[in-house]
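Beneath this line is the structure, given in structure tokens, with notes to follow.
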Amino acid sequence: MTEITFNRSAKETEVKVLLATKEEALNYGVTGGIIDRSTFNRLKDLVAKADEGREKKEDILILNNGKDVVVLLRISNTATPVMLQTLGGRVYNQIKNYKSATIFARHLPKTDFEAKDIASNMGLGVELSSYSFDKYRTTKKADEFPRLETLNFVAKDKLDKKDYEKSAALANAVRYARDLTNEPSNELTPEVYAKDIKRLEHLGLKVILKDKEQLKKEGFNMLLSVAQGSVNSPYVAILEYNGNKSKKGYDIALVGKGVTFDSGGISIKPAAGMWDMKQDMAGSAVVVSSLKAAAQQKLKLNIVGIVGLVENMPSGTATRPGDIVTSLSGKTVEILNTDAEGRLVLGDCLTYVEREYKPERIVDLATLTGAIVVALGSEMAGLFSNDDCLSELLSISGEQSGEELWRFPMTDGYRKLIKSDMADVKNISDGRAAGSITAACFLEEFLPNKTPWAHLDIAGMDMFGKPKPLYPKGASGFGVRLINKLLQNLEKK
């Protein structure tokens, strides 16, 4: 992992990264004496050639003068923090095979970015892009790993590592979510996962674990119906963070689906692609990692997180299509499809956290439906809500974090589709139409107090088949940056 340092003076490194706005002419003053006149002239020629006859100017230019490598980053004066993070990720991928590099941060004219803002955002981008999951690789050769050991940010203005602490905590949380989601299901069983969450108490979180017997006693019957075909016992983990001691109650509850493997149960999935179902707990990873980040950032909020940890397997004890169970809320549910299991897990968790903690608002995250992938692909997550204010705040937070959302309707016409002839509700509607919406309508049934609530369907965003500037191939950790921005916005209110 690359070490990121902050200094006023530059150490000798293999790569020098210079910053300039696209609007300011490349002049020797911008280099601040960092490179000699000969290298400057060659860099200027490179800029001219890059711009010649092109509608879109290149924003990363690399010059190897034989002695060292100079990278010029040209940044728009309309750049956003997410753009700087993305640029940091792109730069990392250009320089990762050098041993050391220095980025010369500076205030950019006609922008709101000071040197510390540049360093914090680009550093976050570097940490997000440098992630890899090599835990189980035994034959990877040393020259296959990135070589970049040290990235040094230097500025005339004082750069303090404290300015980077919140970004570092966020990067750490995203990496943790990716680690959890990448773990194979034979290693990350519900029990192992629950014990791993318990370790977070060293950050000041209070973690409560409910085992199978407690869940039976309390009536988590929908969740238990999902787990009953597996030899691995279910758990519910509750994480409490009290960052505002002067306030009673919780500003927000976060709820996550933690299906550590989803075979579909008796309604078994096709074999092709089933291996990706180890990642059906990505929503819970976002919740757990978001609580971790909040604790490390010392946010002045009271937050509760709850995750249902189960494995959905077929066996002689598994739930059958057509079974009816009584939920924690008291509503009866006809289970027509055991592969629509995530909503059963979330339903009981939603009821519990609303009843016991009475939060001001609730947000749940889940890889809930394949239908959302059909609708949105791998560009945005689906947003469903009973509250316009919460929906708007989430949408804004999504734009600010670069993890965007698209809101879907929830009307009585859709709610009617999950009414059952045999019970109060059924866990799927007839046919395939509006599958993501009816899943959200099902969840809404288990909030009897009608607390402001939003459901984020992150299927399609939990993993990527190809790497992106801020996301590796595999588990993405999508949602951690979004929720962190949401919490920061709530903190400001």
Review point. Does D211 offer a backbone N or O that forms a donor-acceptor pair with the side chain of Q214 under 3.5 Å?
Key: yes

### Task
Kindly say whether L299 contributes a backbone atom to a donor-acceptor pair with the side chain of Y241 at under 3.5 angstrom?
yes

After noting the C-alpha distance and the side-chain angles of E187 and K135, does the key distance pass the salt bridge (Lys or Arg N to Asp or Glu O under 4.0 Å) rule? CA-CA 12 Å; E187 294 290 336; K135 182 177 176 181; 5.8 Å; no

Practice problem: Without swapping roles, check the side chain of S132 against the backbone of D134 for a donor-acceptor pair under 3.5 Å. | Solution: no

Note: M461 and G377 closest approach over all heavy atoms is SD-O, 4.4 Å

| message | The test is side chain to side chain contact (heavy atoms under 4.5 Å, CB included); show your working for V126 and V91 and say whether it passes. | response | CA-CA 8 Å; V126 167; V91 169; 6.0 Å; no

Minimal heavy-atom distance between N337 and D339, with the atoms involved, is OD1-N, 2.7 Å

- Query: Is a side-chain N or O of N221 found less than 3.5 angstrom from the main chain of V325, in a donor-acceptor match?
  - Reply: no

To the nearest 0.5 Å, atom CZ of R407 lies from atom CG of L456 at 11.5 Å

Are any side-chain N or O atoms of E3 and backbone N or O atoms of N152, one a donor and one an acceptor, separated by less than 3.5 Å?
no

- Message: For S284 and Y193: C-alpha separation, side-chain torsions, deciding distance, then whether side-chain hydrogen bond (donor to acceptor under 3.5 Å, both in side chains) applies.
- Response: CA-CA 10 Å; S284 67; Y193 194 178; 2.8 Å; yes

Exercise. Would you sort out whether V236 and L309 count as a side chain to side chain contact (heavy atoms under 4.5 Å, CB included), showing the intermediate values?
Key: CA-CA 6 Å; V236 164; L309 311 178; over 6 Å; no

All heavy atoms of L151 vs all of I95, minimum pair found to be CD1-CD1, 4.3 Å

One should read off an interatomic distance between T351 OG1 and L223 CG, to the nearest 0.5 angstrom, of 11.5 Å

Check whether more than 12 heavy atoms from other residues, nucleotides or ligands sit under 6.0 Å from atom NZ of K116, and answer yes or no. no

When rounded to the nearest 0.5 Å, the distance separating CG of L383 from CD1 of I458 is 13.0 Å

ask   = Quick one: does S420's side chain have a donor or acceptor within less than 3.5 Å of a partner on K426's backbone?
value = no

>> Quick check on N186: does its CG atom have over 12 non-hydrogen neighbours (other residues, nucleotides or ligands) under 6.0 Å away?
In response: yes

Are the side chain of N312 and the backbone of T338 linked by a donor-acceptor contact shorter than 3.5 Å? yes

Review point. Are Q488 and Q297 close enough that some pair of their side-chain heavy atoms sits under 4.5 Å apart?
Key: yes

Shortest non-hydrogen pair, F104 vs L19, comes out as O-CD1, 3.7 Å

Taken to the nearest 0.5 Å, the spacing of N302 CG from N244 CG works out to 5.5 Å

Q.
Within the structure provided, determine whether E183 and Y136 are in side-chain contact (heavy-atom separation under 4.5 Å).
A. yes

**OP:** Take atom NZ of K468 as the centre, draw a 6.0 Å sphere, and report whether it contains more than 12 heavy atoms from other residues, nucleotides or ligands.
**Re:** yes

Tell me, do L417 and R415 make a side-chain contact under 4.5 Å, heavy atoms counted? no

Rounding to 0.5 Å, atoms NE2 (H107) and OG1 (T21) come to a distance of 9.5 Å

Honestly, is K210 close enough over F220, meaning NZ or CZ under 6.0 Å from the six-membered ring centre and within 45° of the axis?
no

Between S129 and Y92 the two heavy atoms that sit nearest each other are O-CE2, 3.9 Å

*Side chains of L368 and L443: closer than 4.5 Å at any heavy-atom pair?*
yes

For K247, is the NZ atom crowded, meaning more than 12 foreign heavy atoms sit under 6.0 Å from it? yes

NZ of K269: more than 12 outside heavy atoms within 6.0 angstrom?
-> yes

The side-chain contact (heavy atoms from CB on, under 4.5 Å) partners of I208 (sequence neighbours excluded) come to K206, I238, E240, Y357

Sequence neighbours excluded, the answer for salt bridge (Lys or Arg N to Asp or Glu O under 4.0 Å) partners of E445 is K331, K419

Review point. Given the rule in the side chain to side chain contact (heavy atoms under 4.5 Å, CB included) test, do E356 and V304 qualify, once you have shown the distances and angles that lead to the verdict?
Key: CA-CA 11 Å; E356 299 298 325; V304 58; over 6 Å; no

Compare all side-chain heavy atoms of L328 with those of M222 and state whether any distance is below 4.5 angstrom. no

The reported gap from CG in L390 to OG in S397 (rounded to nearest 0.5 angstrom) is 9.0 Å

Y471 vs F464 aromatic rings, parallel, tilted or perpendicular, using cut-offs 30° and 60°? perpendicular

Check: Are any non-hydrogen side-chain atoms of I483 and L365 less than 4.5 angstrom apart?
Finding: yes

**Prompt:** Do side-chain atoms of N484 reach the backbone of V480 as a donor and acceptor pair under 3.5 angstrom?
**Reply:** no

task: Give a yes-or-no answer on whether the side chains of D387 and S385 include a donor-acceptor pair shorter than 3.5 Å.
output: no

| Chi angles and distances behind the side chain to side chain contact (heavy atoms under 4.5 Å, CB included) call for I428, T438 | CA-CA 7 Å; I428 59 169; T438 54; over 6 Å; no

From the list D280, D457, T181, side chain to side chain contact (heavy atoms under 4.5 Å, CB included) partner of T367 resolves to D280

Exercise. For the residue pair F133 and Y131, does the interplanar ring angle fall in the parallel (under 30°), tilted (30 to 60°) or perpendicular (over 60°) class?
Worked result: parallel

> Ignoring hydrogens and geometry, is there a side-chain-to-backbone donor-acceptor pair from D424 to T332 under 3.5 Å?
Replying inline: yes

If you define the side chain from C-beta out and look only at heavy atoms, does anything of N172 sit under 4.5 Å from K292?
yes

Salt bridge (charged side-chain N to carboxylate O under 4.0 Å, His left out) test vs R481 passes for just one of E399, E403, E127, namely E403

When you check the gap from the basic side-chain N to the acidic O, do K195 and E191 get nearer than 4.0 Å? yes

- request: Could you walk me through whether Y176 and D196 pass side-chain hydrogen bond (donor to acceptor under 3.5 Å, both in side chains), step by step?
  value: CA-CA 11 Å; Y176 180 48; D196 197 75; 2.6 Å; yes

Do K212 and L224 make a side-chain contact, defined as non-hydrogen atoms from C-beta onward lying under 4.5 Å apart?
yes

Is a donor on one side and an acceptor on the other found under 3.5 Å between the side chain of Q279 and the backbone of D462?
no

